[in-house]
Amino acid sequence: MFALVDCNSFYASCERVFRPDLRTKPVVVLSNNDGCVVALTKEAKNLGVKMCDPWFKIEREFKQKGGIAFSSNYELYGDISSRIMSILEELAPKVEVYSIDEAFLDLTGISHCMNLEEFGRTCQKQIMQYTGMPVRVGIGPTKTLAKAASYGAKRYPTTQGVLDITDLYRREKLMTLMPVNEIWGVGRRLNKRLISQKVLTTFDLINMNIEQVRKQFSIMLVNTIRELKGESCIPLDSAPSPKKQIVVSRTFSTRVTELDYLEEAVSDYAARAAEKLRKEGKTCKMLSVFIRTNPFRKQDIQHREIRSFSMLYPTNDTRDLIKHAKLLLKDLYKEGFNYNKAGIMLNNFFDETTYQLDLFKKKDRNSKDFKMMALLDQVNKSSLGQISFLAQGIKKEWSMKRQLQSPRYTTSLKDVLVVN
DNA sequence: TCTGGGGTCCTAGGACCC
DNA sequence: TCTGGGGTCCTAGGACCC
């Protein structure tokens, strides 16, 4: 038996936690560069705002109607998230932190001694009391069904945010009402194909012929159907799995045509990626760089390309990564394009501690280089200041804007709320 | 003028091998 | 004229998730 605990409009609710005056106001949170809407409260939804709406298109009307917008403040959201997760860890024996605002719980055991709906309400109450975050809880025999229940809890106000669909009758009722595109694992493309075969609701889907589905679609959809029928195929994964890939990418605040600026940006991303890699305790062998123009500017000629390089020895040294990233970029770069985004990807990871010895090249893991990177991370983590490489740029004119950001209420002493 | 970022998994196709 | 079959591994791209 599984539960899914899901925060309501998470980022927007985080902003409300410290601004009780916004409790009934329409609130949206914007992506980097204040580009588009990534979270919105139901009041904002009622004004016609949709997820992913470009901010510049809705800004005027939204403000006129009394809406409030925030740039994203990931430091704040991450902190509130981890507080919620630790509350859940005390309530349930096993927890899988699925994303910043969602967790699956394993309810085996609990179902013997407690009514599950009641358990859901307890979660809701405690999280509200300790953090001020509104959540909903979906309960079912598989993860996909718990997700479906969570959809039901959102969609139908009479549930008051908790829905248990262990009961077969309730489950089928929900499935006849739930459109296929709301199912976990059915995205835009699949939805389109399913609709063309007159599969509109979840109930239609579970009545499809499994063999047909396997042939026409994929094993993934087959598993989804099995899960919807109550057969658990996706286990709870309580240990965070080690990363297989690290990506750092940003859109620029301005259009960039010069190689110099791109080099700065890509070096900066390489440095951040190297930092993440070291935090994972890994080295990588493969590095890719990509750049692209703005696909929304139809009047511009477009260029998007990615190029990869496999290094001779796995590394997590910032200087190695910057060096190779710049070389790849030089290969990619073409004059006369308005670039608006660049990024770097690291793949093919090795454990930092297990090192493939080389017959001809002696490289000690305790070398000066290794110590230097450790020191770099230590300083950057502390409040002493930031060390960066010159290649990362000084002014960073391409870097993103965040004009509407809230204070770091919980992670910076100087931003702590003062009560008079 | 202004449209996000970071992940995972699956699949098809090519290279290569015997 | 006629040019195999089967397997593995890797990669790029698609689809999906939040």
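Below, chain A is the first sequence line, B the second, and so on; all start at residue 1. Because the structure is predicted, anything quoted here is derived from the model rather than measured.
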Residue list, side-chain contact (heavy atoms from CB on, under 4.5 Å) with A:Glu43, at least two apart or on another chain: A:Arg16, A:Pro26, A:Thr41
Sugar-phosphate only, base, or nothing, as touched by A:Lys57 at under 4.0 Å among non-hydrogen atoms: base
Sugar-phosphate only, base, or nothing, as touched by A:Trp55 at under 4.0 Å among non-hydrogen atoms: nothing
Contacts table for residues 197-211 of chain A: side-chain donor-acceptor under 3.5 angstrom, sequence neighbours left out:
residue, atom, partner, partner atom, Å
A:Gln197, NE2, A:Gln216, OE1, 2.6
A:Thr201, OG1, A:Phe203, N, 3.3
A:Thr201, OG1, A:Asp204, N, 3.1
A:Thr201, OG1, A:Asp204, OD2, 3.4
A:Thr202, OG1, A:Met178, O, 2.9
A:Asp204, OD2, A:Leu200, N, 2.9
A:Asp204, OD2, A:Thr201, N, 3.0
A:Asn207, ND2, A:Phe203, O, 3.0
A:Asn209, OD1, A:Glu211, N, 2.8
A:Asn209, OD1, A:Gln212, N, 3.0

Sugar-phosphate only, base, or nothing, as touched by A:Ile183 at under 4.0 Å among non-hydrogen atoms: sugar-phosphate
A:Ser308: side-chain contact (heavy atoms from CB on, under 4.5 Å) partners, not counting sequence neighbours: A:Met286, A:Ser288
Positive for ring-ring contact (aromatic ring centres under 6.0 Å, His included) with A:Phe18, one of A:Phe70, A:Tyr409, A:Tyr77: A:Tyr409
Sugar-phosphate, base or nothing in reach of A:Lys276, heavy atoms under 4.0 Å: sugar-phosphate
Sugar-phosphate, base or nothing in reach of A:Glu59, heavy atoms under 4.0 Å: nothing
Comparing A:Gln245 and A:Gly35 on DNA chain B - which has the more 5′ nearest nucleotide: A:Gly35
Report, one line per pair, each donor and acceptor closer than 3.5 Å where one atom sits in a side chain of residues 134-146 of chain A; sequence neighbours left out.
residue, atom, partner, partner atom, Å
A:Arg136, NE, A:Ser150, O, 3.2
A:Arg136, NE, A:Ser150, OG, 3.2
A:Arg136, NH1, A:Asn8, OD1, 2.9
A:Arg136, NH2, A:Asp6, OD2, 3.1
A:Thr142, OG1, A:Leu145, N, 3.1
A:Thr142, OG1, A:Glu227, O, 3.0
A:Lys143, NZ, A:Glu96, OE1, 2.7
A:Lys143, NZ, A:Pro235, O, 2.9
A:Thr144, OG1, A:Glu227, OE1, 2.5

Range on DNA chain C touched by chain A, heavy atoms, distance below 4.0 Å: C:dA15 to C:dC18
Under the 3.5 Å Watson-Crick or G-U criterion, the dot-bracket string of DNA chain C, with | for inter-strand pairs: ....||||||||||||||
Touch class at under 4.0 angstrom, heavy-atom based, for A:Ile246 against every strand present: sugar-phosphate
Basic-acidic side-chain contact under 4.0 Å: A:Glu305, A:Arg307: yes
Closest-nucleotide ordering on DNA chain B, the 5'-leading residue of A:Asp34 and A:Lys244: A:Asp34
side-chain contact (heavy atoms from CB on, under 4.5 Å) partners for A:Asn181, two or more places apart: A:Pro179, A:Asn191
Sugar-phosphate, base or nothing in reach of A:Leu30, heavy atoms under 4.0 Å: nothing
Partners passing salt bridge (charged side-chain N to carboxylate O under 4.0 Å, His left out) against A:Asp260 (at least two apart in sequence or in another chain): none
Which residues share a salt bridge (charged side-chain N to carboxylate O under 4.0 Å, His left out) with A:Arg278, sequence neighbours left out: A:Asp377
Within residues 291-302 of chain A: residues closer than 4.0 Å to DNA chain B (heavy atoms): A:Asn294, A:Phe296, A:Arg297
Non-neighbouring partners of A:Arg226 that pass salt bridge (charged side-chain N to carboxylate O under 4.0 Å, His left out), sequence neighbours left out: A:Glu231
Touch class at under 4.0 angstrom, heavy-atom based, for A:Leu190 against every strand present: sugar-phosphate
Whole-Å C1' distance, B:dG4 and C:dC17: 15 Å
side-chain contact (heavy atoms from CB on, under 4.5 Å) against A:Arg304, all qualifying residues, sequence neighbours excluded: A:Arg292
